[in-house]
Amino acid sequence: MSGSGVERSNFRGNRPLSSNPPHSICVTDRKVVSFTHLWTIDHFQSYLDDPQSPRVLFSSYFSPNFGPHTDTSWCLKLYPKGVNEKSVEYISLFVKYVRGRTDLQAKAEFSLINSRGEFHIVRKTPYHIFPTGGDWGYSEYLMRMVLTTQRKSELLNADQSLKIFTRVIIVGESSSSIIHEEKKNTYESLASLSSHLGSLLTSTKDNCHDVTIIVRPQHFNTLAYEHKSHDTPSSSSASSSPIDGAKSSSKKANSNNSSSSSVGNNRTKRKRYSTNSGGSNGAGESSGETNNDETTSTALAIPSTPTTMTFYAHRSILSVRSPVFAAMFSHSMLEDQNSTIEITDLQPETVRALLEYIYTSNVEEIDEHNAVEIFKAADKYELELLKQRAELIMMNSLSVSNCTMLYIVADLHNAHELKKRVLNFIMRNILEVTESDDWRILVEQHPALATEAFVYSAEHAASCACSS
């Protein structure tokens, strides 16, 4: 329509950024500081057996060794026999913000390390505002009976010591700034470099590859859910009412209680000492169900075509972009040491999109039809920005027909914002959702998740009624 007076855009979606240079560039940055601490408690079994043992143990103080928060001090608090009456069968674990100038927004990751250096009982809390002197963690971190069973060697070291590995991540305010001309040229050069890296992936020969990726998917790509106990993170000094929870999301934390949020793996497998998990988004602490020593995954399954496909890549690029690939290469985990990786839990098109993102930081074809699989792949290989992009697409495509599946996905992969969005959707459409076949399967196979949704709907509906 030439006479409309509307300027025709020269932008073409399938052309590289270097061919469509922006008129201006802005970068939003956020300061993130991550630091770790290893705490070894010798003769830990004696604290469980001795009726006169201390109620709470403290680690030494530790601090970040770089960044703007080096003047802060932190420590770990462990209650061998629980922080309160509701957690007497559990070990309670918290991180405490001992000293600092201001309140800080942070989260903590806890895990146990055995004599073989293996990580067990990995729990990740959501972000929390720490006042000076405040703490945050899990009142039901681990059942004490797990350490007294015949399999205690899985968690305790040969000398009966307990090793606790903690990561604290502090986030600051975000700020945006315009990139000036000299930096803009650098940005455009990087965009051009991204295009060239992409050509390495798409070229069929002479791409100097040193890694072969064989994708051989199973007949069903399942949305697995492992039955676990429930505890949401909170501080070590408040009370709450117990409710049933689900596997791996977080609830809103209340002071002086804690519940656990666990991190799931999208592969269907049997796993010892599965982690506990938080459930509802309402006030209070979940009741905490006992974990089985071995748990079996059940699933709502999505049929997939078992087509084998081979990709050729470069370990240097994979390692820089993905911590999982980096660990794989550094620990000589490649099959038969022949630089071959076999993937059986993802579809070929999903792996193609994953590699496209790794090489170019972009995925052209991602929509509501493949967002779930790309989300799972991004979570598996720790590609956070790709995971967030897929999560946003899932949020915007919620419907009665897919909300049950997305509920399980969000819970399994610790996607707090997605899970909250799904719970709100279920609350608004509860009659239609609960009449679906998928919901009946959810009730049968994952009753804790179904309970959590009903509790969330009842609590929030009540709060809406009171506010009106």
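Along the sequence shown, residues carry numbers from 1.
- Lys420 has its side chain out of reach of His416: every pair of non-hydrogen atoms, C-beta onward, lies at least 4.5 Å apart.
- The closest side-chain heavy-atom distance from Leu93 to Leu142 is not below 4.5 Å.
- Between the side chain of Ser322 and the backbone N or O of Ser319 there is no donor-acceptor pair closer than 3.5 Å.
- Nearest heavy atom pair, residue Ala313 against residue Ile213, reads CB-CD1, 4.3 Å.
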Derivation of the side chain to side chain contact (heavy atoms under 4.5 Å, CB included) call for Phe94 and Tyr79 | CA-CA 9 Å; Phe94 305 89; Tyr79 296 80; 3.8 Å; yes
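- Looking at Arg352 and Val215, their side chains never come closer than 4.5 Å, going by heavy atoms from C-beta outward.
- Dense packing is recorded around CD of Gln105, with more than 12 heavy atoms of other residues, nucleotides or ligands lying under 6.0 Å away.
- Arg321 places no side-chain N or O within donor-acceptor distance of the main-chain N or O of Leu355, the cut-off being under 3.5 Å.
- Every residue meeting the salt bridge (Lys or Arg N to Asp or Glu O under 4.0 Å) condition with Arg440, not counting sequence neighbours, appears here in chain and number order: Asp437.
- Residues Glu391 and Leu418 come closest through the heavy atom pair OE2-N, 3.1 Å.
- No side-chain heavy atom of Phe311 sits less than 4.5 Å from a side-chain heavy atom of Ile343.
- Counting all heavy atoms, side chain and backbone alike, Ser176 lies closest to Thr28 at OG-OG1, 2.6 Å.
- Remark: side-chain polar atoms of Thr350 are not paired, donor with acceptor, to backbone N or O of Leu346 under 3.5 angstrom.
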With side chain to side chain contact (heavy atoms under 4.5 Å, CB included) as the test, would you mind laying out the steps for Phe110 and Ile121 before giving the verdict?
-> CA-CA 8 Å; Phe110 304 103; Ile121 320 299; over 6 Å; no
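- Within the model, atoms CG of Asn424 and OG of Ser457 stand 8.5 Å from one another, a figure rounded to the nearest 0.5 Å.
- When atom types are taken as modelled, the side chain of Glu342 and the backbone of Arg216 share no donor-acceptor pair closer than 3.5 angstrom.
- Within the 4.5 Å cutoff, side-chain heavy atoms of Tyr407 are placed close to those of Leu423.
- Atom CG of Leu398 is separated from atom CZ of Arg428 by 8.5 Å, given to the nearest 0.5 angstrom.
- When all heavy atoms are compared, the tightest approach of Asp103 to Pro131 is OD1-CA, 3.3 Å.
- With Tyr357 as the fixed residue, the side-chain contact (heavy atoms from CB on, under 4.5 Å) test singles out one of Ile366, Val363, Asn362: Val363.
- In this structure, the side chain of Tyr138 engages the main chain of Thr125 through a donor-acceptor pair within 3.5 Å.
- For the pair Arg123 (side chain) and Tyr141 (backbone), a donor-acceptor distance under 3.5 Å is present.
- Atom NZ of Lys107 sits about 9.0 Å away from atom OG of Ser34, to the nearest 0.5 Å.
- Here Leu76 contributes atom CG and Thr166 contributes atom OG1; the two are 4.0 Å apart, rounded to the nearest 0.5 Å.
- Looking at heavy atoms from C-beta onward, Ile317 lies out of side-chain contact with Phe325 at the 4.5 angstrom threshold.
- No donor-acceptor contact under 3.5 angstrom links the side chains of Ser111 and Arg167, judged on distance only.
- Judged by distance alone, the side chain of Ser87 and the main-chain N or O of Tyr90 form no donor-acceptor pair under 3.5 Å.
- Proximity of a side-chain donor or acceptor of Asn402 to a complementary backbone N or O of Ser397 within less than 3.5 Å is detected.
- Within the 4.5 Å cutoff, the side chain of Ile91 has heavy atoms near those of the Leu147 side chain.
- Taking CZ of Arg30 as the reference point, atom OG of Ser175 lies at 11.0 Å (rounded to 0.5 Å).
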How far apart are the C-alpha atoms of Glu109 and Val122, what are their side-chain angles, what is the distance that settles it, and do they pass the side chain to side chain contact (heavy atoms under 4.5 Å, CB included) test?
-> CA-CA 7 Å; Glu109 301 173 2; Val122 179; 5.8 Å; no
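- Considering CZ of Phe425 and OG1 of Thr404, their distance stands at 9.5 Å, rounded to 0.5 Å.
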Output, in order, the C-alpha distance, side-chain angles, deciding distance and verdict of side chain to side chain contact (heavy atoms under 4.5 Å, CB included) for Leu386 and Leu354.
-> CA-CA 9 Å; Leu386 180 61; Leu354 187 77; 4.1 Å; yes
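- Phe454 places a side-chain heavy atom less than 4.5 Å from the side chain of Thr434.
- Ion pairing of Glu373 with Lys376 is present here, as a side-chain N (NZ or NE/NH1/NH2) and a carboxylate O approach within less than 4.0 Å.
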